[in-house]
Amino acid sequence: MKLKLEPQGIEDNQLTLRLISELPLEGVRIGLAQTSPQAMQATGDKGTHWLVSLPAPKSNDAQIRVAVSMAGSHYFAQIPATFIEHKTFYTEHQQAQDAS
């Protein structure tokens, strides 16, 4: 089983995550380690694309916990939330200046 978890951005202190699976999943629950997990919503009828909005992590050492169901079995993982890049106007403006 191969899963890909991608951040879709932070808006109003909510982090939107997309999960893509090579195989169809029956269900997905996800949450930050210090919060209750939430059910992800399937975005298609194949069970391979899922979406959820969670409270944005408040620390650099935040952990994400994922539980997936597939073919009657359950799988669990815990990963760092450090893949999230916080962008500000300053960083985007500075990058544009550095590129020129």
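We're numbering straight along the sequence, starting at 1. The model shown is predicted, which means the values in this text are computed figures rather than measured ones. Reckoned from all heavy atoms, side chains included, excluding hydrogens, waters and symmetry mates.
- Closest approach of G27 to W50, counting heavy atoms only: CA-CH2, 3.8 Å.
- With a 4.5 Å cut-off on side-chain heavy atoms, L19 and L25 count as touching.
- For the side-chain hydrogen bond (donor to acceptor under 3.5 Å, both in side chains) test, no residue two or more places apart in sequence or in another chain qualifies with N13.
- Looking at L32 and I64, their side chains come closer than 4.5 Å, going by heavy atoms from C-beta outward.
- For the atom pair CD1 (I20) and NZ (K2), the distance works out to 11.0 Å, reported to the nearest 0.5 Å.
- The shortest side-chain heavy-atom distance between Q63 and P80 falls under the 4.5 Å cut-off.
- Of the possible donor and acceptor atoms, none in the side chain of Q38 sits under 3.5 Å from a partner among the backbone N and O of G31.
- Connection of M40 to Y75 is established within a shared hydrophobic cluster, with ILVMFWY side chains joined at heavy-atom distances below 4.5 Å, either directly or through further cluster members.
- Taken from CG in L5 to OG in S21, the straight-line distance is 12.0 Å, to the nearest 0.5 Å.
- Atoms CZ and CZ, on R29 and R65 in that order, are 13.5 Å from each other to the nearest 0.5 Å.
- Taking CD of E26 as the reference point, atom NE2 of H74 lies at 8.0 Å (rounded to 0.5 Å).
- Scanning for side-chain hydrogen bond (donor to acceptor under 3.5 Å, both in side chains) contacts around S59 gives D61, with sequence neighbours left out.
- Inter-residue side-chain proximity for L17 and I30 is flagged as met; some heavy-atom pair is nearer than 4.5 Å.
- Here the side chains of V68 and L3 are in contact, with some heavy-atom distance below 4.5 Å.
- Both I79 and M70 are assigned to one and the same hydrophobic cluster, defined by single-linkage of ILVMFWY side chains at heavy-atom distances under 4.5 Å.
- The two residues L15 and P7 come nearest to each other via the heavy atoms CD1-CB, 4.3 Å.
- Residues Q34 and P55 fail the side-chain proximity criterion, which asks for heavy atoms closer than 4.5 Å.
- The side-chain heavy atoms of T16 and E11, taken from C-beta on, include no pair separated by under 4.5 Å.
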